[in-house]
Amino acid sequence: GAVDIGSGSTLFIDNTAAGNYSFNNLLSGAGLLQVDLLSGSNTFQFGSGTGSAFSGILELNDSRFSLSASNTSVLTNATLALNSGNTTVVGVNSQDIGGLTLNGGELRFENLASGIINTQKLALNAGTVVIDPEVLTNGQGSSILAQDKGIDFRLVNATEVSGSASNLTMTDLAGNA
(Lines give C-alpha, C1' and ligand atoms only; values in the text may rest on other atoms or scores of the structure.)
Protein backbone atom coordinates (compact mmCIF):
# COMPACT_ATOMS: atom_id res chain seq x y z
CA GLY A 1 0.00 0.00 0.00
CA ALA A 2 0.82 3.68 -0.02
CA VAL A 3 3.29 5.14 2.49
CA ASP A 4 2.92 8.72 3.79
CA ILE A 5 5.80 9.87 6.01
CA GLY A 6 4.49 12.90 7.89
CA SER A 7 6.63 15.91 8.73
CA GLY A 8 8.65 15.13 11.87
CA SER A 9 8.26 11.37 11.33
CA THR A 10 10.88 8.82 10.29
CA LEU A 11 10.57 5.56 8.37
CA PHE A 12 13.72 3.51 8.95
CA ILE A 13 14.85 0.74 6.58
CA ASP A 14 17.53 -1.16 8.48
CA ASN A 15 19.84 -4.08 7.70
CA THR A 16 17.49 -6.19 5.62
CA ALA A 17 18.45 -9.87 5.61
CA ALA A 18 18.60 -9.91 1.80
CA GLY A 19 21.07 -7.01 1.78
CA ASN A 20 19.62 -5.15 -1.22
CA TYR A 21 16.30 -3.34 -0.87
CA SER A 22 13.72 -2.10 -3.37
CA PHE A 23 11.02 0.30 -2.09
CA ASN A 24 7.97 -0.33 -4.28
CA ASN A 25 5.21 1.60 -2.47
CA LEU A 26 3.63 4.88 -3.52
CA LEU A 27 5.49 7.42 -1.36
CA SER A 28 4.39 10.84 -0.11
CA GLY A 29 4.93 13.16 2.83
CA ALA A 30 7.59 15.54 4.13
CA GLY A 31 9.27 13.30 6.70
CA LEU A 32 12.53 11.36 6.79
CA LEU A 33 13.16 8.07 4.98
CA GLN A 34 16.35 6.71 6.54
CA VAL A 35 18.20 3.77 4.94
CA ASP A 36 20.99 1.72 6.56
CA LEU A 37 21.58 -1.64 4.83
CA LEU A 38 23.96 -4.49 5.73
CA SER A 39 26.91 -2.85 3.96
CA GLY A 40 27.82 -0.03 1.61
CA SER A 41 27.78 -2.48 -1.31
CA ASN A 42 24.07 -3.31 -0.87
CA THR A 43 21.80 -1.37 -3.21
CA PHE A 44 18.75 0.66 -2.33
CA GLN A 45 16.34 1.61 -5.09
CA PHE A 46 12.83 2.85 -5.71
CA GLY A 47 10.38 0.94 -7.88
CA SER A 48 8.66 2.62 -10.83
CA GLY A 49 5.37 3.02 -8.92
CA THR A 50 6.83 5.08 -6.06
CA GLY A 51 5.82 8.39 -7.66
CA SER A 52 7.17 11.91 -7.14
CA ALA A 53 4.97 13.24 -4.30
CA PHE A 54 7.62 12.77 -1.57
CA SER A 55 9.01 16.13 -0.38
CA GLY A 56 10.98 14.96 2.63
CA ILE A 57 14.54 13.69 3.02
CA LEU A 58 16.01 10.40 1.79
CA GLU A 59 18.96 9.84 4.13
CA LEU A 60 21.31 7.12 2.91
CA ASN A 61 23.79 5.47 5.27
CA ASP A 62 25.39 2.08 4.45
CA SER A 63 24.08 1.56 0.92
CA ARG A 64 24.73 2.06 -2.78
CA PHE A 65 22.31 4.20 -4.80
CA SER A 66 22.00 5.06 -8.48
CA LEU A 67 20.75 8.60 -9.08
CA SER A 68 18.86 7.88 -12.29
CA ALA A 69 15.48 6.80 -13.67
CA SER A 70 12.87 6.01 -10.96
CA ASN A 71 15.28 6.96 -8.18
CA THR A 72 15.59 10.49 -9.58
CA SER A 73 11.84 10.81 -10.23
CA VAL A 74 11.06 10.07 -6.57
CA LEU A 75 13.47 12.83 -5.49
CA THR A 76 12.02 15.54 -7.77
CA ASN A 77 10.71 17.43 -4.71
CA ALA A 78 12.82 15.74 -2.01
CA THR A 79 16.33 16.08 -0.60
CA LEU A 80 18.95 13.38 -1.03
CA ALA A 81 21.32 13.19 1.97
CA LEU A 82 24.49 11.13 1.52
CA ASN A 83 25.90 10.04 4.87
CA SER A 84 29.00 8.03 5.73
CA GLY A 85 28.85 4.55 4.24
CA ASN A 86 26.83 5.57 1.19
CA THR A 87 28.01 5.63 -2.41
CA THR A 88 25.74 7.32 -4.93
CA VAL A 89 26.46 7.08 -8.67
CA VAL A 90 25.05 9.84 -10.88
CA GLY A 91 23.41 8.47 -14.01
CA VAL A 92 23.60 9.62 -17.61
CA ASN A 93 22.04 13.02 -18.43
CA SER A 94 20.86 15.68 -15.99
CA GLN A 95 19.37 14.42 -12.72
CA ASP A 96 16.89 16.98 -11.33
CA ILE A 97 16.20 16.68 -7.60
CA GLY A 98 14.86 18.99 -4.87
CA GLY A 99 18.01 19.09 -2.72
CA LEU A 100 21.38 17.44 -2.15
CA THR A 101 23.25 17.20 1.16
CA LEU A 102 26.75 15.75 1.35
CA ASN A 103 27.22 14.46 4.92
CA GLY A 104 30.20 12.11 4.55
CA GLY A 105 29.08 9.90 1.68
CA GLU A 106 30.65 9.41 -1.73
CA LEU A 107 29.14 11.04 -4.83
CA ARG A 108 30.44 9.43 -8.04
CA PHE A 109 30.19 11.12 -11.42
CA GLU A 110 30.96 8.16 -13.69
CA ASN A 111 28.85 9.39 -16.62
CA LEU A 112 30.36 12.77 -17.43
CA ALA A 113 30.05 14.95 -19.31
CA SER A 114 26.27 14.50 -19.39
CA GLY A 115 25.67 13.00 -15.92
CA ILE A 116 25.23 16.05 -13.70
CA ILE A 117 22.81 17.16 -10.95
CA ASN A 118 20.41 20.11 -10.95
CA THR A 119 18.97 21.03 -7.56
CA GLN A 120 17.48 23.89 -5.57
CA LYS A 121 19.56 23.42 -2.41
CA LEU A 122 23.08 22.04 -2.07
CA ALA A 123 24.75 21.50 1.33
CA LEU A 124 28.49 20.77 1.31
CA ASN A 125 29.14 19.45 4.82
CA ALA A 126 31.54 16.50 4.28
CA GLY A 127 32.20 13.72 1.81
CA THR A 128 34.02 12.66 -1.32
CA VAL A 129 33.31 13.63 -4.92
CA VAL A 130 34.65 11.20 -7.52
CA ILE A 131 35.19 12.15 -11.18
CA ASP A 132 37.08 11.11 -14.29
CA PRO A 133 39.38 14.13 -14.81
CA GLU A 134 40.18 13.04 -18.38
CA VAL A 135 36.58 13.69 -19.41
CA LEU A 136 36.70 17.23 -18.06
CA THR A 137 40.10 18.12 -19.50
CA ASN A 138 39.65 16.49 -22.89
CA GLY A 139 42.78 14.49 -22.13
CA GLN A 140 44.96 17.61 -21.95
CA GLY A 141 45.92 17.08 -18.30
CA SER A 142 44.93 20.51 -17.01
CA SER A 143 43.07 20.93 -13.75
CA ILE A 144 39.29 21.30 -13.84
CA LEU A 145 39.94 24.50 -11.90
CA ALA A 146 41.88 25.92 -14.88
CA GLN A 147 39.03 28.10 -16.08
CA ASP A 148 41.52 30.44 -17.74
CA LYS A 149 42.13 27.58 -20.19
CA GLY A 150 38.48 27.56 -21.18
CA ILE A 151 37.42 24.72 -18.88
CA ASP A 152 34.31 25.65 -16.91
CA PHE A 153 32.27 22.64 -15.83
CA ARG A 154 29.72 22.27 -13.05
CA LEU A 155 28.99 18.89 -11.55
CA VAL A 156 26.03 20.29 -9.60
CA ASN A 157 23.92 23.30 -10.55
CA ALA A 158 22.24 24.72 -7.44
CA THR A 159 20.16 27.79 -6.66
CA GLU A 160 21.27 27.90 -3.01
CA VAL A 161 24.56 26.57 -1.59
CA SER A 162 25.59 26.16 2.05
CA GLY A 163 28.88 24.84 3.41
CA SER A 164 32.09 24.90 1.43
CA ALA A 165 33.83 22.83 -1.21
CA SER A 166 36.79 22.76 1.19
CA ASN A 167 34.70 20.34 3.31
CA LEU A 168 34.92 17.78 0.50
CA THR A 169 37.62 15.55 -0.96
CA MET A 170 37.85 15.14 -4.72
CA THR A 171 39.34 11.98 -6.24
CA ASP A 172 39.53 10.27 -9.61
CA LEU A 173 37.72 7.00 -10.29
CA ALA A 174 40.66 5.02 -8.87
CA GLY A 175 40.57 6.96 -5.58
CA ASN A 176 43.60 9.17 -6.25
CA ALA A 177 43.33 12.70 -4.83
About how many Å separate [atom2] of [Y] and [atom1] of [X], when rounded to the nearest 0.5 Å?
{"X": "Gln120", "Y": "Thr79", "atom1": "CD", "atom2": "OG1", "answer": "10.0 Å"}
{"X": "Asn83", "Y": "Ser63", "atom1": "CG", "atom2": "OG", "answer": "9.0 Å"}
{"X": "Leu67", "Y": "Arg108", "atom1": "CG", "atom2": "CZ", "answer": "14.5 Å"}
{"X": "Ser55", "Y": "Ile5", "atom1": "OG", "atom2": "CD1", "answer": "10.0 Å"}
{"X": "Ile97", "Y": "Leu75", "atom1": "CD1", "atom2": "CG", "answer": "6.0 Å"}
{"X": "Ile131", "Y": "Glu110", "atom1": "CD1", "atom2": "CD", "answer": "12.0 Å"}

Does either side chain, that of [X] or that of [Y], offer a donor lying less than 3.5 Å from an acceptor on the other one?
{"X": "Thr88", "Y": "Asn86", "value": "yes"}
{"X": "Asn103", "Y": "Thr101", "value": "no"}
{"X": "Asn125", "Y": "Asn167", "value": "no"}
{"X": "Gln95", "Y": "Thr72", "value": "yes"}

Between [X] and [Y], is there a shared hydrophobic cluster once you connect ILVMFWY residues whose side-chain heavy atoms come closer than 4.5 Å?
{"X": "Leu124", "Y": "Ile117", "result": "yes"}
{"X": "Ile57", "Y": "Leu80", "result": "no"}
{"X": "Leu107", "Y": "Val89", "result": "no"}
{"X": "Val3", "Y": "Ile13", "result": "yes"}
{"X": "Val161", "Y": "Met170", "result": "yes"}

Please find the pair of heavy atoms, one from [X] and one from [Y], that lie closest to each other, and give the distance.
{"X": "Val74", "Y": "Leu27", "value": "CG1-CD2, 4.3 Å"}
{"X": "Leu122", "Y": "Ala158", "value": "CB-CB, 3.7 Å"}
{"X": "Ser68", "Y": "Gly91", "value": "CB-CA, 4.0 Å"}
{"X": "Gly29", "Y": "Phe54", "value": "O-CD1, 3.2 Å"}
{"X": "Phe65", "Y": "Asn71", "value": "CZ-CB, 3.4 Å"}
{"X": "Asn42", "Y": "Gly19", "value": "CB-O, 3.3 Å"}

Stepwise, does the side chain to side chain contact (heavy atoms under 4.5 Å, CB included) test hold for Val35 with Leu58?
CA-CA 8 Å; Val35 176; Leu58 171 61; 4.0 Å; yes
Would you call the rings of Phe44 and Phe46 parallel, tilted or perpendicular if under 30° counts as parallel and over 60° as perpendicular?
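Geometry flag for Phe46 against Phe44: perpendicular rings.
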Tell me whether Asn20 contacts the main-chain N or O of Thr43 through its side chain, where contact means a donor paired with an acceptor under 3.5 Å.
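The answer is yes, because a donor-acceptor pair under 3.5 Å joins these two groups.
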